[in-house]
Number of protein chains: 2
Amino acid sequence: MSTDTSAAPGPAAGAQATSIWEVARVAGVSHQTVSRVINGKPHVKDSTRALVLRTIEELGFTPNRSAQALAGGLVRSVTVLTVDTALYGCAAALRGIEEEARAAGFTVGISVLEPDAATGTQDVVERLGRPGAPAVVIAFETVGARVLDALPADHPVVGLMERPDSGQQQSGRPQVWIDDRGAAAHATRYLLSLGHRTVHHLSIPSSTSRLTQRTHGWQDALRSAGRPVPTLLDAGWTPRSGYLAASTLLDDPSVTAILCGNDDVALGVLRAAREAGRDVPGDLSVIGFDDAPQSAYLTPSLTTVRLDFEGLGRSAFGLLHALLEPDSAPAPGLWAEPELVVRESSGPAPR
Amino acid sequence: MSTDTSAAPGPAAGAQATSIWEVARVAGVSHQTVSRVINGKPHVKDSTRALVLRTIEELGFTPNRSAQALAGGLVRSVTVLTVDTALYGCAAALRGIEEEARAAGFTVGISVLEPDAATGTQDVVERLGRPGAPAVVIAFETVGARVLDALPADHPVVGLMERPDSGQQQSGRPQVWIDDRGAAAHATRYLLSLGHRTVHHLSIPSSTSRLTQRTHGWQDALRSAGRPVPTLLDAGWTPRSGYLAASTLLDDPSVTAILCGNDDVALGVLRAAREAGRDVPGDLSVIGFDDAPQSAYLTPSLTTVRLDFEGLGRSAFGLLHALLEPDSAPAPGLWAEPELVVRESSGPAPR
DNA sequence: GCTCATGCTGTTACCGCTCCCAGTCATATC
DNA sequence: GATATGACTGGGAGCGGTAACAGCATGAGC
């Protein structure tokens with residue numbers, strides 16, 4: 001009796017790892033047939049298919065994705081490029097993407113962009129691991145936008161953006177966006193309608209060259225109402241930054257309404273207001289942006305603009321999927337329009 | 001003059017994608033030398049190395065990770081398995097892992113576990129894409145723990161856990177954990193020291209078979225102080241769940257101190273307390289868990305147990321890295337001990 | 001001067017999978 | 001009955017890398 005090492009014809013002759021060759025050997029078919037079964041391709045007799053499927057089950061075989069990708073098969077993986085996974089907007093979008101991607105059998109990778117990260121084409125491709133690797137870029141701010149620009153035009157990538165300026169429908173690159181400019185304008189008008197003379201704005205970080213669309217929307221509303229546009233104040237993303245920015249702003253008693261770049265900033269403002277002895281909404285109205293899950297439970301509960309980041313993420317993936325597999329992919333869904341959610345933190349201007 | 005299609009000896013003879021063959025051809029060396037340079041292996045003359053490096057730069061070549069993985073080279077990718085990317089603890093841990101992984105040149109994938117997901121070995125391996133693919137499992141709750149169990153003992157995986165019961169130092173699998181049991185006990189003792197007769201507890205979801213370590217810690221402290229242990233109340237992860245659970249609890253005027261399973265639950269409790277006309281901390285003390293970035297800015301600001309999820313994530317990756325590359329990996333760092341952060345939401349028992 | 005170690009380089013065989021192409025049948029069609 | 005289908009199946013050649021081995025100089029040691 002001798003060990004038969006020459007039996008298996010293909011690679012992995014004496015191997016223990018279960019490959020399609022092993023499955024093929026056990027099932028008594030060729031590796032090609034196994035491949036067909038795995039990929040649900042036609043031209044396999046039902047009984048053969050069943051046999052192979054059973055064998056796969058028995059052997060606990062899992063196709064090796066690296067090999068699939070290398071052999072030029074369908075890739076079924078997305079990389080999400082984002083600045084911060086903990087920030088509510090990004091986290092929610094990520095969740096939407098992941099959810100949809102997993103449902104479609106895609107693997108999702110994630111790579112966090114440092115604010116000062118190198119964003120040359122090569123740097124970005126290196127993060128993706130392979131030229132032509134599908135990606136979703138969460139590009140609400142500058143770094144993301146730069147990364148998006150660095151990718152070649154034919155690269156399968158979709159961006160999650162702020163609403164692009166109507167003028168520059170640029171790049172023809174697939175993208176999904178939220179009309180936060182319009183939403184910010186709406187929120188600002190709402191505050192004016194409550195009798196506030198003007199509205200101050202604590203902006204989330206913007207590129208040095210460009211204001212955020214939220215800031216633009218705020219300006220739009222004030223200008224078209226003929227109201228003075230106060231100096232723009234830059235906050236960060238955190239409650240702390242909102243708190244610091246508001247601390248000085250609240251020294252001015254004429255400030256009666258503040259539109260914040262996001263809910264976290266608004267939270268900081270709420271805190272600063274309380275410490276400054278300003279009643280919200282009696283003396284001061286505060287509006288946030290995003291409608292994070294916490295915002296409804298704050299004291300006072302926060303009036304805010306609800307943004308459907310999760311839906312946006314789902315759509316982004318859907319768009320990418322459609323790009324990759326035009327036939328099999330379901331049509332990408334839509335996402336909810338921004339909506340002003342009025343709660344306790346906003347009210348009539350003091351008199 | 002004719003196009004020379006036979007020049008390149010190896011694969012990709014007439015291809016346009018830049019592979020190591022292309023780099024080799026341009027640099028006038030063999031593909032193997034290019035491979036050596038890429039991997040920083042020895043036995044390459046400095047001048048040759050420089051030449052290859054320059055060529056790589058010029059051609060904008062990026063090694064194909066699928067091919068590297070397939071060829072049995074170092075893998076340099078981790079998959080994070082978690083239940084929710086938006087939950088503060090998970091998000092922070094994920095950030096820690098990603099940060100450390102990227103620094104080490106690893107790709108990070110993420111896969112969200114549904115509460116009712118199939119967690120057989122094969123299901124999990126399928127998510128990882130390849131048997132033996134390194135992973136970090138965020139296993140603070142049941143699903144994660146089950147997944148961890150499903151992986152074969154020799155699989156390179158590290159778990160982020162609650163502190164295991166001292167009895168069962170189980171499985172020998174590498175893991176990092178937070179002593180939330182001790183921290184919960186500490187927080188409970190703190191409340192008792194303020195004069196509260198007992199402490200109520202709103203638990204985050206636990207497996208049906210097992211209480212969370214936080215709940216255990218709470219029981220520990222009450223029992224060893226000889227205080228009555230109130231009925232355990234199950235909340236969820238969200239402010240809403242805390243709000244709902246507290247709404248009934250607060251009908252009982254003897255409830256003066258509540259330890260919450262996390263900060264979001266505590267936020268809901270704060271809200272419910274206000275609506276019930278209970279002053280915090282005058283009538284009621286509330287303590288959270290996690291110290292989310294928002295908690296310091298709430299009104300009242302939240303006394304909570306600070307947990308270093310980010311450090312935990314970094315350490316988890318460090319441990320995995322050391323497992324994968326015992327020589328080159330730096331020693332995994334430590335993470336901060338839990339710490340009770342006393343703020344405004346806790347105070348002496350009412351009398 | 002010749003052997004031997006040593007540094008550098010190229011050749012070859014895979015890794016596990018998918019493509020393309022060439023069979024082999026059974027069933028229609030003429 | 002011979003030929004054309006067409007469903008099914010198998011064989012081989014890569015995909016872009018890495019590992020193991022083999023060559024070939026160069027310098028040291030005898």
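Aromatic ring orientation, F309(B) versus F140(B): perpendicular (interplanar angle above 60°, classes split at 30° and 60°).
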V83(B) and I138(B): CA distance, side-chain angles, deciding distance, side chain to side chain contact (heavy atoms under 4.5 Å, CB included) verdict: CA-CA 8 Å; V83(B) 280; I138(B) 300 184; over 6 Å; no

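Atom-to-atom, CH2 of W21(A) to C1' of dC17(C) comes out at 10 Å; the value is rounded to the nearest Å. Following rounding to the nearest Å, D46(A) (CG) and dA7(D) (P) show an atom-to-atom distance of 13 Å. In this structure, the CG atom of L70(B) is 8 Å from the C1' atom of dG17(D), given to the nearest Å. Between the CZ atom of R65(B) and the C1' atom of dC15(C) there is a distance of 18 Å, rounded to whole Å. H43(A) has its NE2 atom 15 Å from the P atom of dG10(D), to the nearest Å.
A salt bridge links E310(A) to R314(A): one of the charged nitrogens lies within less than 4.0 Å of a carboxylate oxygen. Between R54(B) and E57(B) there is no salt bridge, since no side-chain nitrogen of the basic residue lies less than 4.0 Å from a carboxylate oxygen of the acidic one.
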Please tabulate, one pair per line, each protein N/O and nucleotide N/O from nucleotides 22-27 of chain D that are separated by under 3.5 Å, including the distance.
none

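The phosphate of dG10(D) (OP1 or OP2) has a side-chain N or O of S30(A) nearer than 4.0 angstrom. A sub-4.0 Å separation between OP1 or OP2 of dG10(C) and a side-chain N or O of T33(B) is present. Residue Q68(A) has no polar side-chain atom (N or O) positioned under 4.0 Å from OP1 or OP2 of dC17(C). One finds no side-chain N or O of N64(A) lying less than 4.0 angstrom from the OP1 or OP2 phosphate oxygen of dC15(C). Phosphate contact (OP1/OP2 of dT18(C), side-chain N/O of S35(A), threshold under 4.0 Å): present. A close approach under 4.0 Å does not occur between any side-chain nitrogen or oxygen of K41(A) and OP1 or OP2 of dC8(D).
Between S77(A) and R65(A), the side chains place no donor N or O within less than 3.5 Å of an acceptor N or O (distance only, hydrogens not considered).
Listed nucleotides dC17(C), dG16(D), dT11(C) differ in distance to H31(B); the shortest reach to its side chain belongs to dT11(C). Distance from the side chain of A71(A) is smallest to dG14(D) among dT9(D), dG16(D), dG14(D). The side chain of I20(B) approaches dG17(D) more closely than any other nucleotide in the set dT18(C), dG11(D), dG17(D).
At the heavy-atom level, T62(B) lies under 4.0 Å from the strands shown only through sugar-phosphate atoms. Heavy atoms of S66(A) sit nowhere under 4.0 angstrom from any nucleic acid atom. Using a 4.0 Å heavy-atom distance criterion, Q32(B) is classed as a base contact. When heavy atoms are screened at a 4.0 angstrom cut-off, P63(B) is found touching the sugar-phosphate backbone but no base atom.
With hydrogens and angles ignored, the 3.5 Å screen pairs a side-chain donor or acceptor of W335(B) with a backbone N or O of W177(B). Put simply, the side chain of R173(B) gets close to the backbone of L151(B): a donor and an acceptor are under 3.5 Å apart.
For the salt bridge (Lys or Arg N to Asp or Glu O under 4.0 Å) test with R102(A), the passing option among E99(A), E98(A), E100(A) is E98(A); the others fail.
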